[in-house]
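Worksheet: the structure to be examined is printed underneath.
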Amino acid sequence: MPENLKVRDYMLMRPVCFTAKQPIAEVVHSLLEHKQLGAPVIDEQKHVIGWISEQDCLKSLLEATYHCETVSLVEDLMRSDVLSVGPDTSILELAQSMLMQKPKMYPVIEQGKLLGLITREEVLAGIDKHLHSCYKQVS
């Protein structure tokens, strides 16, 4: 049943995440290495305090290159208004949100703490798996 499609069953359990004091150069290296478009910024208690994306990093690196300046820290560039989902959020609800030009990735938060990350790819995988089970039932 579609109501059984929950974020907790498809989220990435060990996403790349960063702290506010990390240099952007480290962030870029890690995002590229893990092929992740962005990542949550967390504090010592694993509370999500922000979000940093490849686009944020690109802007910073471009400015640093033109001005031969030191690259910024995460806290200088991160967005603090982070859209997140809970582990029991329906994959179908999340897919609907993603259709409305929302982010392609969401931190999964429970009781204020980061549990994982859900991306459009995992949402598609959840829906695809459900559809395949429907086809088998019809056959």
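Quick caveat, the model's predicted, so the values are computed rather than measured.
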Can you list every salt bridge (charged side-chain N to carboxylate O under 4.0 Å, His left out) pair that touches residues 35-51, not counting sequence neighbours?
none
So if you build clusters from Ile, Leu, Val, Met, Phe, Trp, Tyr with side-chain heavy-atom gaps below 4.5 Å, do Leu92 and Tyr106 land together?
yes
Can you name the side-chain hydrogen bond (donor to acceptor under 3.5 Å, both in side chains) partners of Asp81, sequence neighbours left out?
none
Is it the case that one hydrophobic cluster holds both Tyr10 and Leu83, taking links as side-chain heavy atoms less than 4.5 Å apart, direct or via other members?
yes
With a 4.5 Å cut-off on side-chain heavy atoms, are His47 and Lys113 touching?
yes
What pair of heavy atoms forms the shortest contact from Ala39 to Phe18, and how long is it?
CB-CE1, 3.4 Å
Test of understanding: with side chain to side chain contact (heavy atoms under 4.5 Å, CB included), list the residues that count as partners of Gln55, not counting sequence neighbours.
Ser53
Do Ser60 and Leu77 have side-chain heavy atoms sitting under 4.5 Å apart?
yes
Please enumerate all residues that pass side chain to side chain contact (heavy atoms under 4.5 Å, CB included) together with Ala95, with sequence neighbours excluded.
Val123, Ile127
By side-chain hydrogen bond (donor to acceptor under 3.5 Å, both in side chains), Glu75 pairs with (sequence neighbours left out) Lys21
Under 3.5 Å, side-chain donor or acceptor atoms of residues 23-33 against the rest of the protein: list the pairs with distances, not counting sequence neighbours.
from, atom 1, to, atom 2, distance (Å)
Glu26, OE1, Gln22, NE2, 2.9
His29, NE2, Glu33, OE1, 3.3

To the nearest 0.5 Å, tell me how far Cys17 SG sits from Ile52 CD1.
13.0 Å
What is the distance from atom CE of Met11 to atom OG1 of Thr89, rounded to the nearest 0.5 Å?
11.0 Å
Show me the pairs that pass side-chain hydrogen bond (donor to acceptor under 3.5 Å, both in side chains) and involve residues 116-127, at least two apart or across chains.
Thr119-Glu122
Apply the hydrophobic cluster definition, ILVMFWY joined by side-chain contacts under 4.5 Å directly or through others, and give me every member besides Val48.
Leu12, Leu37, Ile42, Trp51, Val82, Met105, Ile109, Leu114, Leu117
Going by the rule side chain to side chain contact (heavy atoms under 4.5 Å, CB included), which residues pair with Gln96 if we only count those two or more places apart in sequence or in a different chain?
Leu99
Evaluate the side-chain proximity of Ile91 to Asp9: yes if any heavy-atom separation is below 4.5 Å, no if none is.
no
Between Glu110 and Arg8, is the side chain to side chain contact (heavy atoms under 4.5 Å, CB included) condition met? List the steps.
CA-CA 11 Å; Glu110 187 170 55; Arg8 77 170 61 252; 3.8 Å; yes
I'd like to know whether CD of Gln111 has more than 12 heavy-atom contacts from other residues, nucleotides or ligands below 6.0 angstrom.
no
